[in-house]
Amino acid sequence: MTLQVIPYIMLDGQAGEAIDFYVQALDAKVLFKQTIGEGPENPEFPLTIEEKQRVAHSVLQVGTTEMYVADLDRGQSYQSGNQVTICITADVREQAKPIYDALLQDGQVIMPLQETYFSPAYGMVTDKFGVTFQIFTKRQR
């Protein structure tokens with residue numbers, strides 16, 4: 001089992017513009033990009049056209065390194081200092097849970113580790129030092 005540690009830039013509606021900028025400035029290659037509107041919609045919380053255009057997730061390759069860029073979800077507050085998080089990518093849920101639990105010690109839950117439409121185990125935690133981590137588990141093929 002392998003782990004990856006990847007910088008994750010979270011923006012407030014400017015992710016598409018940032019992706020274009022990094023393509024130009026860093027010669028980044030867009031490996032994946034999905035808008036919020038391309039994901040499943042909850043009928044209890046309909047999205048506006050602007051919300052649907054926000055970037056849910058993107059993967060850029062810069063040289064031999066990956067970098068993620070996305071927009072914050074509805075309800076998440078943007079503040080200077082929280083736009084860069086660290087994403088720890090695990091192969092399996094059993095690998096993600098102990099990492100999530102360890103980082104949570106004396107920290108704060110942003111999103112509980114849970115199954116989502118894009119990951120069998122995804123969660124966010126701010127550790128006791130104020131660093132926000134996203135724990136992501138790959139879907140098995």
Side-chain angles (χ1 to χ4, degrees), residues 1-104 106-141:
M1 291 187 267
T2 60
L3 286 179
Q4 290 179 295
V5 178
I6 299 169
Y8 206 128
I9 298 171
M10 300 296 294
L11 299 168
D12 192 18
Q14 302 88 18
E17 180 182 347
I19 291 166
D20 293 342
F21 174 76
Y22 297 134
V23 165
Q24 293 298 313
L26 303 175
D27 195 29
K29 308 289 184 256
V30 179
L31 303 180
F32 177 83
K33 180 180 169 187
Q34 182 180 38
T35 64
I36 291 173
E38 292 172 318
E41 188 169 346
N42 182 343
E44 294 180 25
F45 300 101
L47 299 170
T48 67
I49 292 170
E50 292 80 21
E51 288 172 323
K52 289 180 180 182
Q53 294 172 342
R54 293 169 76 93
V55 176
H57 182 63
S58 71
V59 179
L60 306 180
Q61 182 176 340
V62 181
T64 59
T65 303
E66 288 184 353
M67 176 171 74
Y68 297 162
V69 181
D71 286 310
L72 294 167
D73 286 335
R74 175 193 297 179
Q76 290 182 306
S77 63
Y78 178 85
Q79 52 189 325
S80 184
N82 76 347
Q83 66 267 38
V84 178
T85 64
I86 298 172
C87 184
I88 298 178
T89 301
D91 289 331
V92 294
R93 179 183 185 87
E94 294 76 24
Q95 190 180 24
K97 176 102 173 87
I99 294 167
Y100 180 89
D101 291 341
L103 289 169
L104 185 57
D106 298 320
Q108 178 183 359
V109 171
I110 305 298
M111 179 178 180
L113 188 68
Q114 61 192 328
E115 184 171 350
T116 65
Y117 77 92
F118 56 86
S119 173
Y122 175 80
M124 291 179 70
V125 60
T126 299
D127 72 9
K128 63 183 176 182
F129 302 104
V131 178
T132 299
F133 289 86
Q134 297 183 53
I135 310 303
F136 173 79
T137 307
K138 296 178 182 177
R139 287 231 176 260
Q140 299 301 312
R141 295 181 178 155

Decide, yes or no, whether a salt bridge links K52 with E38 under the criterion of side-chain N to carboxylate O below 4.0 Å. no

May I ask you to test the V55-V69 pair for a side-chain heavy-atom distance under 4.5 Å? no

Output yes when a side-chain donor or acceptor of D106 lies under 3.5 Å from a complementary backbone atom of K128, and no otherwise. no

Quick one: does V62's side chain get under 4.5 Å of Y22's, heavy atoms only? no

Under 6.0 Å between the ring centres of F118 and H57? no

Over 12 non-hydrogen atoms of neighbours within 6.0 angstrom of CZ in F21: no

Mind checking whether L3 and Q95 have side chains closer than 4.5 Å, heavy atoms only? yes

Heavy-atom pair of closest approach, residues L26 and M67: CD1-CE, 4.3 Å

Can I88 and Q4 be said to form a side chain to side chain contact (heavy atoms under 4.5 Å, CB included), step by step? CA-CA 6 Å; I88 298 178; Q4 290 179 295; over 6 Å; no

Which atom pair, heavy atoms only, marks the closest approach of K138 to P120? O-CG, 3.6 Å

Within the supplied structure, the quantity of interest is the number of heavy atoms (other residues, nucleotides, ligands) at a distance under 6.0 Å from L31 CG; does it exceed 12? yes

Do M10 and Y8 have side-chain heavy atoms sitting under 4.5 Å apart? yes

Keeping the roles fixed (side chain from E17, backbone from A15), state whether a donor-acceptor pair exists under 3.5 Å. no

Could you please spell out the steps behind the side chain to side chain contact (heavy atoms under 4.5 Å, CB included) verdict for T85 and F133? CA-CA 6 Å; T85 64; F133 289 86; over 6 Å; no

Between R54 and G13, what is the shortest heavy-atom contact and its length? NH2-N, 3.4 Å

side-chain contact (heavy atoms from CB on, under 4.5 Å) partner of I86, chosen from L103, V5, T132: V5

Would M124 and T126 satisfy side chain to side chain contact (heavy atoms under 4.5 Å, CB included), going step by step from the backbone distance to the final call? CA-CA 7 Å; M124 291 179 70; T126 299; over 6 Å; no

With heavy-atom distances below 4.5 Å as the criterion, would you say the side chains of I36 and Q53 are in contact? no

Testing the 3.5 Å rule here: is there a donor-acceptor pair between the side chains of T2 and D91? yes

To the closest 0.5 Å, what do you measure between CD1 (I9) and OH (Y68)? 13.0 Å

Determine yes or no for a side-chain-to-main-chain donor-acceptor pair under 3.5 angstrom, with T137 supplying the side chain and A96 the backbone. no

Close side-chain approach of P46 and E41, heavy atoms under 4.5 Å: yes

Between Q134 and Y122, does any side-chain donor sit less than 3.5 Å from a side-chain acceptor? yes

Under the 3.5 angstrom rule, does the side chain of R139 hit a backbone N or O of Y117 as a donor-acceptor pair? yes

Taken in chain and number order and not counting sequence neighbours, the residues that satisfy side-chain contact (heavy atoms from CB on, under 4.5 Å) with V30 are I19, V23, K33, L60

Please tell me if the side chains of L104 and V109 come closer than 4.5 Å, counting only heavy atoms from C-beta onward. yes

